[in-house]
Every structure is written in C-alpha cells, then in structure tokens.
Amino acid sequence: YLTDYLIYMKKELGNTEITAQRNMSTIKIYVTAAYRKGYIEENPFQEFHIKRIKSDVDYLTEEELMQFVQLYYQRTLPEKLQLTLAFFLFMCFTSMHITDARMFCIEQVNNDVLTYYRVKNRNCKPEPIKIPMPVPAEKLLEEREEGRLFRNVQCDQVVNRQLKAIAKELGINKKISAKTGRHTFATIYLRKTKDLSSLQKLLGHSNIRETMIYAHVMDESKREGMQCFNSFTL
C-alpha cells in the first residue's frame with residue numbers, strides 16, 4: 001500500500017520526488033506513534049525505506065533583494081502583484097514560512113519583537129518563536145493598523161507564479177517561490193553573523209540538522225577567511 005501510494009502521489013497528483021518523500025515521512029510519524037501505543041499490531045514502515053533527498057536552496061543575494069525592495073517602493077506594479085511583493089519581502093525580513101505569514105496579525109508585534117507559533121510545529125514544538133523586527137519589516141506594518149497584515153493574498157500556487165513574473169521583470173533568472181523568502185533571510189543572516197545556533201531559533205527548527213542546509217554559507221566564509229593568509233608569499 002505504501003509503495004502504491006508513493007507512486008500515486010508522483011504520477012496522479014504530480015508531486016515531486018521531494019514532496020512525495022516528505023509526505024511519506026509525515027505519515028510515518030503518525031503510523032509509528034499508533035504502533036507504539038498498540039493501535040496497530042505491525043509497523044509497515046519497518047520495511048519501507050524513505051529516501052532522504054537534498055533539496056536545492058534558492059535564495060536572493062543582497063543585491064537581488066535590494067532590487068525587489070526598490071521595485072516595491074516604485075509602486076508601478078498592479079495591485080495584486082504589489083501585495084504579493086510586500087508579502088514576499090515580509091518573509092525575506094522575518095524568516096516566516098508562507099503559512100505563518102498568511103496568519104500574521106499586527107498585534108503579534110510588541111516592543112519591536114514579533115512572536116508567533118509555527119503552524120508546522122504546533123504539535124511537536126509548541127514554544128513561541130521571537131523575531132526582533134528589522135526596520136524594513138516594520139515599514140511593511142504601516143500598510144495596516146490592526147488585524148491580519150495580508151488579508152487578500154492569493155493561494156500559494158498563484159503567489160509563486162506572480163513571484164516568478166516579478167523576478168523575470170527584474171531580470172533575475174532564478175527559481176523564485178515563496179520559500180525563497182525564508183531561504184534568503186537565512187542565507188543573509190548567517191553570512192552576516194556566522195551564528196548557526198541563533199539562526200536555528202529564528203527559523204523555529206527543532207533540530208540543528210534542519211538548519212545545516214545553509215552550511216554552504218559557512219563554507220563560503222571559510223574560503224574567504226583563508227584568503228587572509230594569501231599575503232604571506234613563500
């Protein structure tokens with residue numbers, strides 16, 4: 001059954017290999033819990049292998065992010081695209097996932113600190129995530145005085161299509177999606193601070209291994225740091 005369902009997700013639902021394997025991982029969590037509590041006699045996942053597939057991390061450079069910011073302040077886009085752009089920038093500056101950003105309310109910010117609970121981790125990690133608000137994110141709050149900041153944002157698929165259109169207009173040839181905002185935040189933050197532990201807390205990762213997908217930034221920093229020895233010519 002598990003094998004058939006995996007094939008169904010990829011062939012009938014059109015899920016990518018990464019999405020299908022992640023869905024199987026989620027199912028495994030609940031099936032394993034049911035097995036341990038005695039609701040089922042056998043755990044089918046004991047003989048079912050879930051592939052761990054490393055996904056590419058698409059992110060904006062600081063220069064590319066500045067292009068998005070400048071386009072936002074030009075206010076030349078149609079209203080729906082302008083809203084999507086503001087939504088995307090908010091994720092770039094707060095690290096929020098698209099689902100959490102949709103639910104964000106102005107009242108969640110107190111003393112310049114944004115506090116929220118990740119929808120994804122509401123059962124396994126109920127601790128709040130606290131984000132010190134950077135100035136650009138605070139500027140976006142001026143769009144509304146109370147309640148949800150982004151009330152009319154369209155579905156995820158439409159948002160992703162709109163972001164690709166915006167990137168194309170800016171001449172940025174990358175696979176831009178809503179996830180790019182969170183990846184952009186993590187990459188720039190880590191490049192500036194070199195603080196993987198703090199980044200883990202800001203992203204709400206329960207395991208440091210999740211945060212390690214941004215280790216490429218640390219590798220870049222190592223290479224840059226080693227250049228300080230280049231002046232010692234032998």
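This structure is a prediction, so every number in the text was calculated from the model and none was measured.
Heavy atoms only, all atoms of each residue included: Leu140 and Ala86 are closest at CD1-O, 3.8 Å. Closest of all the heavy-atom pairs between Leu13 and Met9 is CB-O, 3.3 Å. Taking both residues in full, the closest heavy atoms of Leu60 and Thr184 are given as N-OG1, 2.9 Å, listed atom of the first, atom of the second, then distance. Taking every heavy atom of both residues into account, Phe68 and Ile172 meet most closely at CE1-CD1, 3.5 Å.
With hydrophobic clusters built from ILVMFWY side chains whose heavy atoms lie under 4.5 angstrom apart, Met91 shares a cluster with Ile213. Hydrophobic cluster membership differs between Leu2 and Tyr39, with clusters built from Ile, Leu, Val, Met, Phe, Trp and Tyr side chains linked at under 4.5 angstrom. Clustering ILVMFWY residues whenever any of their side-chain heavy atoms sit less than 4.5 angstrom apart, transitively, puts Leu65 in a cluster other than the one holding Val135. By the rule that hydrophobic residues join a cluster once side-chain heavy atoms approach within less than 4.5 Å of another member, Phe88 and Val158 end up as members of separate clusters. Residues Leu141 and Val113 fall into different hydrophobic clusters, defined by Ile, Leu, Val, Met, Phe, Trp and Tyr side chains chained together at heavy-atom separations under 4.5 Å.
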Hey, mind stepping through Gln108 and Thr115 against side-chain contact (heavy atoms from CB on, under 4.5 Å) and telling me if it holds? CA-CA 6 Å; Gln108 289 175 245; Thr115 302; 5.7 Å; no

Ile131 and Ser95: side-chain contact (heavy atoms from CB on, under 4.5 Å), yes or no, with the steps? CA-CA 8 Å; Ile131 309 290; Ser95 83; 3.9 Å; yes

Given the rule in the side-chain contact (heavy atoms from CB on, under 4.5 Å) test, do Arg102 and Asp156 qualify, once you have shown the distances and angles that lead to the verdict? CA-CA 10 Å; Arg102 283 183 183 279; Asp156 293 6; 2.8 Å; yes

Apply side-chain contact (heavy atoms from CB on, under 4.5 Å) to residues Tyr116 and Met103 and explain how you reach the verdict. CA-CA 10 Å; Tyr116 77 102; Met103 300 176 63; over 6 Å; no

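Distance check, rounded to the nearest 0.5 Å: CD of Gln21 to CD1 of Ile50 gives 6.5 Å. Here CD of Gln67 is found 11.0 Å from CD of Glu169. Values are rounded to the nearest 0.5 Å. Rounding to the nearest 0.5 Å places SG of Cys155 at 4.5 Å from CD of Gln157. Put simply, NE2 on His183 and CD1 on Ile188 are 13.0 Å apart, with the number rounded to the nearest 0.5 Å. For the atom pair NZ of Lys192 and CG of Leu199, the computed distance is 15.0 Å after rounding to the nearest 0.5 Å. Here Met24 contributes atom CE and Ile29 contributes atom CD1; the two are 12.0 Å apart, rounded to the nearest 0.5 Å.
For Glu47, the CD atom sits in a loose shell: 12 or fewer heavy atoms of surrounding residues, nucleotides or ligands are nearer than 6.0 Å. Summarising the local packing, NZ of Lys164 is surrounded by more than 12 heavy atoms from other residues, nucleotides or ligands at distances under 6.0 Å. The local environment of CD in Gln74 is crowded, with over 12 non-hydrogen atoms from other residues, nucleotides or ligands closer than 6.0 Å.
Every residue two or more places apart in sequence or in another chain that forms a salt bridge (Lys or Arg N to Asp or Glu O under 4.0 Å) with Lys10 is listed here: Glu17. Partners of Phe150 under the ring pair (Phe, Tyr, Trp, His ring centres under 6.0 Å) rule, at least two apart in sequence or in another chain, are Phe87, Phe90. Taking Phe185 as the reference, Tyr189 meet the ring pair (Phe, Tyr, Trp, His ring centres under 6.0 Å) condition, with sequence neighbours excluded. Shown here are the ring pair (Phe, Tyr, Trp, His ring centres under 6.0 Å) partners of Tyr8, two or more places apart in sequence or in another chain: there are none. Scored by the ring pair (Phe, Tyr, Trp, His ring centres under 6.0 Å) test, Tyr72 finds no partners at all (sequence neighbours excluded).
For the salt bridge (Lys or Arg N to Asp or Glu O under 4.0 Å) condition, no pair includes a residue of residues 33-43, sequence neighbours left out.
Within the 4.5 Å cutoff, the side chain of Met96 has no heavy atoms near those of the Arg182 side chain. With contacts defined as side-chain heavy-atom distances shorter than 4.5 Å, the pair Phe93/Val69 qualifies. The side-chain heavy atoms of Ile106 and Glu145, taken from C-beta on, include no pair separated by under 4.5 Å. The shortest distance between side-chain heavy atoms of Ser177 and Leu163 does not fall below 4.5 Å. Proximity of Leu77 to Leu85: side-chain heavy atoms (C-beta onward) are separated by under 4.5 Å at one or more points. At a threshold of 4.5 Å between non-hydrogen side-chain atoms, the residues Tyr117 and Ile129 do not count as touching. Side-chain contact between Ser25 and Asn23 is absent, with no heavy-atom pair separated by less than 4.5 Å. Using a 4.5 Å heavy-atom threshold, the side chains of Leu196 and Ile208 count as touching.
Of the charged side-chain nitrogens involved, none lies within less than 4.0 Å of a carboxylate oxygen, so that Lys11 and Asp4 do not count as a salt-bridged pair. Salt bridge present: Arg118 and Asp100 bring a charged side-chain N and a carboxylate O closer than 4.0 Å. With salt bridges taken as basic N to acidic carboxylate O contacts below 4.0 Å, one links Glu64 and Lys174.
The closest donor-acceptor contact from the side chain of Asn43 to the backbone of Phe45 lies under 3.5 Å. Without hydrogens or angle criteria, Glu107 side chain to Gly147 main chain gives a donor-acceptor distance under 3.5 Å. Asn160 contributes no side-chain N or O that, together with a main-chain N or O of Ile176, makes up a donor-acceptor pair within less than 3.5 Å.
Looking only at atom types and distance, the side chain of Gln162 has a donor-acceptor partner in the side chain of Thr84 under 3.5 Å away.
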